[in-house]
2 protein chains.
Amino acid sequence: MTHQRTVPAELPSCPVETTLTLIGNKWVVLVLRDLADGALRFSQLQRSIGGISQKVLTQQLRAMEANGLVTRTVYAEVPPRVEYALTELGHSLKPVLDAMREWGEGYKKHVAG
Amino acid sequence: MTHQRTVPAELPSCPVETTLTLIGNKWVVLVLRDLADGALRFSQLQRSIGGISQKVLTQQLRAMEANGLVTRTVYAEVPPRVEYALTELGHSLKPVLDAMREWGEGYKKHVAG
DNA sequence: TCCAATAGTTTCTTGAAGGTTGCTACAGCA
DNA sequence: TGCTGTAGCAACCTTCAAGAAACTATTGGA
């Protein structure tokens, strides 16, 4: 079994820190961003994130599945098809993603301006 | 010169990713959280974050200063006093922090319930 | 005279994160 | 007959982040 960074049994008292235990990783945020509009299969996800290796994407998806952020659906076809989708918990992070997107837009204007 | 994780010259096209280049690090988020209510000196910050070494806190603060998120004010006293405070840019991240805090609160209730 | 206190820096070491390559299963198709 | 494509796993290696511990400057005060 490889390392799976799942949430600790005892959550931090600070809610901001609690959130960080689930989405304190860059890749996790990008997966959430790309699955927000609907399910994607593994290779689509890898392409849309860009610059992530197969191994790391697999690791992150496994951890996210263990944390209840995504579901993994395997279709018994050849070649195999595996789809990842956000759970309700995963979708519930939308406000955080939206705040990050909005801030990023403002920052880019600020820098460009 | 040690590694300073400053924002790259060319920002990612995705605004979410842009935000991650500035606050994609757990420690940075915790510093923002603790300076939100006002300036703190180095040792206060280290205590309030908890579990961060002197070296790492120094590194993070230097990077945040280079990125324009915090200011560093040295008072010519003995023993020395150094205060860190959020810049306007640092304060502008409040909505992101708030979204994280709110989500963390909901998540804790969800887990506890 | 020497200690305390602050905010570091420096060096050494460990652990985690990530990259690369090779391997697998198996139906369909040329 | 052998090639293609998907979604991995395993092993190996490199790089980077982080931790620990020792060291520094300064000077008022015991």
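A note on names: the letters A, B, ... follow the listed sequences, proteins ahead of strands, and every chain is numbered from 1.
Using a 4.0 Å heavy-atom cutoff across all strands shown, A:Gln54 reaches at least one base atom of the nucleic acid.
Between A:Tyr84 and D:dG8 there is a side-chain polar atom (N or O) within less than 4.0 angstrom of OP1 or OP2. Remark: B:Arg81 is not in phosphate contact with D:dT26, judged by side-chain N or O atoms under 4.0 Å from OP1 or OP2. Under 4.0 angstrom from either OP1 or OP2 of D:dG8 there lies no side-chain N or O belonging to A:Gln46. Under 4.0 angstrom from either OP1 or OP2 of C:dT20 there lies no side-chain N or O belonging to A:Ser53. One finds no side-chain N or O of A:Trp27 lying less than 4.0 angstrom from the OP1 or OP2 phosphate oxygen of C:dA17. Here B:Arg62 reaches the OP1 or OP2 of C:dG8: one of its side-chain N or O atoms lies under 4.0 Å away. Checking the phosphate oxygens (OP1, OP2) of D:dA7, a side-chain nitrogen or oxygen of A:Arg41 falls inside 4.0 Å.
Rounded to an integer number of Å, the gap from A:Arg47 CZ to D:dT6 P is 7 Å. Note: CG (A:Leu61) to C1' (C:dA17) measures 16 Å, nearest angstrom. Here the C1' atom of nucleotide D:dT26 and the OH atom of B:Tyr75 are 19 Å apart, to the nearest Å. Between the CG atom of B:Leu57 and the C1' atom of C:dT9 there is a distance of 14 Å, rounded to whole Å. The NZ atom of B:Lys26 sits 16 Å away from the P atom of D:dA17 (whole-angstrom rounding). Atom P of nucleotide D:dA17 and atom CG of A:Asn25 are separated by 14 Å, given to the nearest angstrom.
For A:Ser48 and A:Asp34, the side-chain atoms include at least one donor-acceptor pair closer than 3.5 Å.
Within 3.5 Å, a donor on the side chain of B:Lys55 pairs with an acceptor on the base of D:dA18, or the reverse.
In this structure, B:Val78 and A:Thr58 both approach DNA chain D, and ranking their closest nucleotides by distance from the 5' end singles out A:Thr58.
Counting non-hydrogen atoms of neighbouring residues, nucleotides and ligands closer than 6.0 angstrom, the CD atom of B:Glu102 reaches no more than 12 such neighbours. The local environment of CD in B:Glu77 is crowded, with over 12 non-hydrogen atoms from other residues, nucleotides or ligands closer than 6.0 Å.
Salt-bridge check for B:Glu17 with A:Lys26: failed, with every basic side-chain N at 4.0 Å or more from each acidic carboxylate O.
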Between A:Thr58 and A:Phe42, is a side-chain contact (heavy atoms from CB on, under 4.5 Å) present by the stated rule, with each step listed? CA-CA 9 Å; A:Thr58 302; A:Phe42 186 88; 3.6 Å; yes
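The residue from A:Leu22, A:Leu32, A:Val29 that alone fulfils the side-chain contact (heavy atoms from CB on, under 4.5 Å) condition with A:Leu93 is A:Leu32.
An angle of 30°, rounded to 10°, separates the two end axes of the helix from C:dT1-D:dA30 to C:dA30-D:dT1, each defined over five pairs.
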